[in-house]
Structures are given as C-alpha cells and as structure tokens.
Peer 1: 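Handing you a structure now.
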Amino acid sequence: MKLADVAATSTSLAATSSRIAKRRLLAALLLRTAPEEVPVVARYLAGELRQRRTGLGWRSLSGMPSPAAEASLEVLAVDAAFERMAGLAGPGSAGARTAIAAELFAAATAEEQNLLRGLVAGELRQGALDSLLLDAVAEAAGIPAAAVRRAAMLAGATEPVAEAALLAGSPEAALAALEGFGLAVGRPVRPMLAASAPDVAAALAGFEGREVAVDAKLDGIRIQVHRSGDDVRVYTRSLDDITDRVPDLVEVVRRMPVQAAVLDGEAIALDASGRPRPFQETAARSATSDAEVAAAVGLTPFFFDVLHVDGTDLLDAPLTERLAVLDRIAPGSVVERVVTADVAVAEAAFAGWVAAGQEGVVVKDTAAGYEAGRRGSAWVKVKPRHTLDLVVLAVERGSGRRRGLLSNIHLGARDPDGGFVMLGKTFKGMTDEMLAWQTARFGELAVEDDGWTVRLRPEQVVEIAFDGLQRSSRYPGGLALRFARVLRYREDKTAAEADTIDTVRALAAPAGD
DNA sequence: TTCCGACAGTGGGGTCGCAAT
DNA sequence: ATTGCGACCCCACTATCGGAA
C-alpha cells in the first residue's frame, strides 16, 4: 500500500466530524490493506509510528525539503526508514537521523508530509485515534466492537488484535481468534482508569448509598507488576517495562507467597518516617537508571488490585473478591482502605489521608470487575482543590481548534514590593464563550506581541484552581502551580486585590520544601 | 426527545538521558 | 560544562457525537 492512501484517508477523516463516517473510512482502508501491512497501517491510522522512540521530534522537522509532486512511498518502506532512525545512537546520530528524515520527506507529497509530521509529533488531528480504530476493525471484521476492545485492552496493544481479526477470513473465525487474547502473565494490560468528582460526597452519590471501597490515592507512579515464579516484571501506566530501574519493587513482589500474580498499584518514595515524599522525588527516582541514585532513594510499592493469582484470572471477579485475595498475598504492601456506605466515614478517611501527605482517595464500586483500559464510573477519584486569584501577565495564540483565539494564559501573583511573580500557565477550564471573551479582552490589554506571545497590562484577575505547588527552576519565585485551570474571570477584583506571592509561599510551606 | 458515556483535542510542569555546542 | 531536544511521568477540562433512556 502507498503511504498516499493512508494520507488521503487521514485527510478525509479530518474533513468530517461524524464518527460513523470516520469509522467507515478507517474500515474501508483496513480492508484494502495487505496482510503484512496491517500492523503498520493500523498504527498510522491510530496516529502513531510503530517505533516507540525515533529520536525525531517536532523541532527536528523544521527545514525538511519541499514536497514531491508524485506519490511513490510504500508504507513498509516508510516504516523501515523510521526503524533505521530508531536504531541510531552515538556521535553523529542526530545528523544521520535528520538525513534519513530529509530523504523521506523529499519523496513525500504535501499530503503525505502532513501525515508524517502528525505521526512524528503525535498530533495528527484527524479526529480519530486508537478507540475509533478499534471500532473500525470490528466493522471491517464483521464482529462486535466490544470483542475487539476487550482483546486490545488485554493484549495491551491494537495491532496484533487488528491483524488477528482482519486475517481470520470470517466473523466466526475472527471472534475465535480474539478469544486467544486473554490475560497472560508477562504481558501487560491497559490499566483501569478513574473518573473524577469534586468532593467525597459527590463521589459516593454516584453509588446511590451502596457500600463502596475508599482507597487512599498515592501521589506516585502507576505500576503493573507481573510475577511468574522468580521472574518479576514492572510496567508503567503506558506499559513501558521499567523492571531494570526498580529492583526494590521486584524484591517486594518476590517475597509474596505466590507463584504467579498480576498486581496493580502505585510506587512512591517515602521519607524515614514513612511519609510520602513530594511527587518530584518519586518521578526523579523512577526515571533514572543510575544505580547509585536508585540505592539512595527507595521506592515502595502499594497495591490496590490483583488481576491474576496462581492460574486464576480475577478480571471479572467483583472487587470485593479481588481485595480479599490482595490482602492475603500482599500484606503490608496494600494501599490503605476503608469500606463504607457512610459519607461521613469516607470524608474522615479523606481528611486523614490528605493530612498524612496522600493525594486524595479513589472511591470504588465493590461489585465491579476490572475494566482494563476503561475510564468508567466504577472508580472515582477525589483530590483536594486549592484556589487563588491571580493576574494574567500574557497570553499565547492557540492552535488547532483554538487557532485565531488567544488561549494559553500566563499567571502571576502580586508582589507586595511591586510587580508580579509568574507561577505558570494554563489553557484548561475555558469554554468557547470564555475563549471568545478573553480574546477580545486581552486584545485591549496588549502592550507587546512577538507573533506568538502577547504581553499584557497586568490588570485582569482570574480565579485559578490547582492541585498544589511544586519546586520550579523555571519560574522566578521558585514555585509553580500543579495542574492549574481557570474557574472564572473576576471582573469584581482589581489586580491590586489579587493574591500575593507571600500567600502562595505560605501555602507551599507545609508541603515541606 | 433528552440525557449522558466515551473520545479527541488542547495543552500544563518536571524529570531524565543523550547529542550537539 | 552547558544547552536543547525527545520521551515520558504526573494530568484537567470542554465540545461533540451518537447510543441509551
């Protein structure tokens, strides 16, 4: 298959907003794809390259040759080119990589270049990614979408499932082939995700008075651990294998009284008293492959679910049953939990854990199975929320559907000694109406424009919600907001009434930096 | 007919490792 | 030695489509 066929489909996808039409386009192309090309074409349609890391990014693509007039590229040849780039390392590799990319781009038409840029940058913007592709695979194979989804979630990947379903020959054979994608120890599944609620009462309200499990939510990194005998593998949320970087986690799981298990949990750095360290320390520890750092800062696993134990799959077992198994096999390594139907009890647990340095709670349906890859309503997270009234110092032009609008705002706290201290940026929480309003408003306040960032007279106050403060080397106050989002613009306050940097510092102090 | 679940999009800060400067 | 880039941890929120109610 020509890359041009994929590029044309991508263009058509972007041109319609109908999901049914998108599904049809995807299915049509999959049906025209040769068997050996299915893994590549499926990946490209989902907006990704097959290579996890190519070393080529958005920045490296500036200065690529102008497009070719005629389409000539074959998808397998393109995949091979990226494979060569991914294999490069050492001095001179960046130049060699750019050379391969330049050759590729020189052979690509304008439409193909668009596709390639989108794939490299991970921003295809065709309105269809992995989920819609799975639906299209189901349509092309003539089988229910649920079967394809479940297989992909358990396989931890779409391509092998697409391949099996499309090459089966008949719907019956396809369904039978997908049955083979059960949970396998040693092959990570997509983790179950949580929806969110503003507070504990709202989270419990969704369960209509039934008993729920309320887990402490730890501010670390998600881990999925597979054990088979003495072989232990540790995977991240995106199913990256990080076993080599986390020997302390491997040791804990090796000591468990089981032969085989698949566990879901969180790894976190603790201080000497067992209190959670700031997320930044857990992140630094889990990202490094430096053995000295790894030895100096310990990581501790805390599990909250179990998907398999000694030959028994627990995916479809109710949470209550899974927790009973977990408590038996992982004593001392289980996330703190209360089981209750009482809002007051849940709220007290939330307050206690937050005071102890945890991130919040996850409220769980005790009857639900483990819904791999889904962000359903069976798990609901709640975190404390802080707010500040800050001043907009500048605004950046938006892209994509925000093109032509002033989007990403720079946030500053008032400095009592004069001026403002920038604490971060945000583009979150804005409705289309707010975007239109702020585009007009900031046009009035503009004092300088470099074509991307518009500097403003510091007059507009905005109420910002955020999860906490973190150490920053980027911003002058040494502090940055974590997960900042807009709640509302405050037209009842002047910049002189905005919160001060002293208030922000006082908020940060208890965190222990 | 209305409601709501699921998806895609729009980007945020921080961290590491690596290659280039 | 420092800087820039790529990759990947953590992530919130809104608009939209289309099936469910």
Side-chain angles (χ1 to χ4, degrees), chain A residues 13-14 16-23 47 51-61 88-98 120-135 145 149 193 195-196 198 218-223 236-240 242 245 266-267 278-290 293 359 373-377 381 383 385 396 398-403 405 407-411 423-435 464-475 479-487:
Chain A
L13 287 167
T16 175
S17 62
S18 161
R19 286 179 199 167
I20 293 171
K22 286 179 196 283
R23 193 175 71 206
Q51 293 69 25
R52 188 69 190 259
R53 49 203 321 165
T54 58
L56 197 69
W58 180 254
R59 205 57 186 242
S60 319
L61 293 184
L88 293 168
S93 59
R97 188 149 39 221
T98 320
V120 168
E123 294 176 351
L124 202 52
R125 292 171 174 160
Q126 63 184 12
L129 295 172
D130 197 57
S131 265
L132 209 41
L133 178 67
L134 288 172
D135 287 351
R149 269 167 195 280
L193 306 171
S196 50
L218 277 59
D219 194 7
I221 65 159
R222 184 84 177 261
I223 49 167
T236 65
R237 184 183 189 281
S238 56
L239 311 189
D240 251 358
I242 56 163
R245 304 209 295 261
E266 196 88 0
F279 173 73
Q280 282 165 301
E281 292 187 32
T282 292
R285 167 60 184 82
S286 52
T288 191
S289 42
D290 184 321
V293 177
E359 196 184 13
R374 291 200 56 219
R375 189 185 297 281
S377 48
K381 62 182 164 183
K383 298 192 278 184
R385 193 188 75 168
E396 296 172 18
S399 63
R401 75 180 294 280
R402 292 193 180 185
R403 180 170 296 279
L405 296 166
S407 172
N408 194 9
I409 59 176
H410 295 198
L411 305 167
L423 291 170
K425 311 179 192 178
T426 186
F427 57 92
K428 295 174 185 158
M430 295 155 184
T431 61
D432 285 359
E433 196 181 354
M434 288 164 80
L435 282 162
I464 295 293
F466 61 102
D467 276 20
L469 289 152
Q470 50 192 345
R471 233 180 322 109
S472 173
S473 56
R474 173 180 317 213
Y475 293 114
L479 286 172
L481 302 173
R482 191 168 178 208
F483 308 141
R485 59 268 191 191
V486 171
L487 292 180

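This structure is a prediction, so every number in the text was calculated from the model and none was measured. Chain letters run A, B, ... following the sequence lines, proteins first, then strands; residues in each count from 1.
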Peer 1: What residues, two or more places apart in sequence or in another chain, satisfy ring pair (Phe, Tyr, Trp, His ring centres under 6.0 Å) together with A:Phe279?
Peer 2: none
Peer 1: Taking only residues two or more places apart in sequence or in another chain, which ones pass side chain to side chain contact (heavy atoms under 4.5 Å, CB included) with A:Arg237?
Peer 2: A:Pro191, A:Leu193, A:Arg222, A:Arg375
Peer 1: Would you give the length of the straight line joining atom CD of A:Gln470 to atom CZ of A:Phe483, rounded to the nearest 0.5 angstrom?
Peer 2: 7.5 Å
Peer 1: Does A:Ser17 reach a base, just sugar-phosphate, or nothing at all? Heavy atoms under 4.0 Å.
Peer 2: sugar-phosphate
Peer 1: Indicate yes or no: does A:Asp240 engage A:Arg245 in a salt bridge with an N to O separation below 4.0 Å.
Peer 2: no
Peer 1: What contact category does A:Ser196 fall into here, base, sugar-phosphate, or nothing, at under 4.0 angstrom with non-hydrogen atoms?
Peer 2: nothing
Peer 1: Not counting sequence neighbours, which residues clear side chain to side chain contact (heavy atoms under 4.5 Å, CB included) with A:Thr16? List them please.
Peer 2: A:Ser18, A:Ala21, A:Lys22, A:Leu25
Peer 1: Which residues pass the side-chain hydrogen bond (donor to acceptor under 3.5 Å, both in side chains) test with A:Arg19, sequence neighbours left out?
Peer 2: none
Peer 1: Quick check on DNA chain B: between A:Leu88 and A:Leu124, whose nearest nucleotide comes earlier from the 5' end?
Peer 2: A:Leu124
Peer 1: Starting at CG of A:Asp135, measure out to CZ of A:Arg149 and round the result to the nearest 0.5 Å.
Peer 2: 4.5 Å
Peer 1: Which part of the nucleic acid, if any, lies within reach of A:Arg23 when heavy atoms closer than 4.0 Å are counted: base, sugar-phosphate only, or nothing?
Peer 2: nothing
Peer 1: Look at all strands and tell whether A:Lys22 reaches a base, only sugar-phosphate, or nothing, counting heavy atoms closer than 4.0 Å.
Peer 2: nothing
Peer 1: Using a heavy-atom cut-off of 4.0 Å across all strands, would you classify A:Asp219 as base, sugar-phosphate, or nothing?
Peer 2: nothing
Peer 1: Got a sec, which residues hit side chain to side chain contact (heavy atoms under 4.5 Å, CB included) with A:Thr98, two or more places apart in sequence or on another chain?
Peer 2: A:Met64
Peer 1: Which residues satisfy the salt bridge (charged side-chain N to carboxylate O under 4.0 Å, His left out) test with A:Asp467, sequence neighbours excluded?
Peer 2: A:Lys383, A:Arg485
Peer 1: Have a look at A:Arg485 and say if it touches a base, only the backbone sugar-phosphate, or nothing, with a 4.0 Å heavy-atom cut-off.
Peer 2: sugar-phosphate
Peer 1: A:Leu193 has an atom CG; how far is it from atom C1' of B:dC7, in whole Å?
Peer 2: 13 Å
Peer 1: When the nearest nucleotide of DNA chain C is assigned to A:Arg53 and to A:Ser18 on a heavy-atom basis, which residue is associated with the more 5' position?
Peer 2: A:Arg53
Peer 1: List the protein contact pattern of nucleotides 11-18 of chain B with one symbol per nucleotide (5' to 3'): B for base contact, S for sugar-phosphate-only contact, - for none; contact means a heavy-atom distance under 4.0 Å.
Peer 2: BBSSSSS-
Peer 1: So, using salt bridge (charged side-chain N to carboxylate O under 4.0 Å, His left out) as the criterion, who are the partners of A:Arg97 when residues are at least two apart?
Peer 2: none
Peer 1: Between A:Ser238 and A:Gly57, which residue's closest nucleotide on DNA chain C lies nearer the 5′ terminus?
Peer 2: A:Gly57
Peer 1: Does anyone know the first and last nucleotide of DNA chain C in reach of chain A, 5' to 3', at under 4.0 angstrom to a heavy atom?
Peer 2: C:dC5 to C:dG19
Peer 1: Considering every strand shown, what is the Watson-Crick or G-U wobble mate of C:dA21 when both distances are under 3.5 Å?
Peer 2: B:dT1
Peer 1: In degrees, rounded to 10°, what is the bend between the two ends of the helix from B:dA8-C:dT14 to B:dT21-C:dA1, using five pairs at each?
Peer 2: 20°
Peer 1: Considering every strand and a 4.0 Å limit on heavy-atom distances, what is the contact class for A:Ala484: base, sugar-phosphate, or nothing?
Peer 2: nothing
Peer 1: Under the rule for side-chain hydrogen bond (donor to acceptor under 3.5 Å, both in side chains), what residues qualify as partners of A:Arg23, not counting sequence neighbours?
Peer 2: A:Glu139
Peer 1: Report the residues that fulfil salt bridge (charged side-chain N to carboxylate O under 4.0 Å, His left out) with A:Arg401, sequence neighbours left out, ordered by chain and then residue number.
Peer 2: A:Asp432
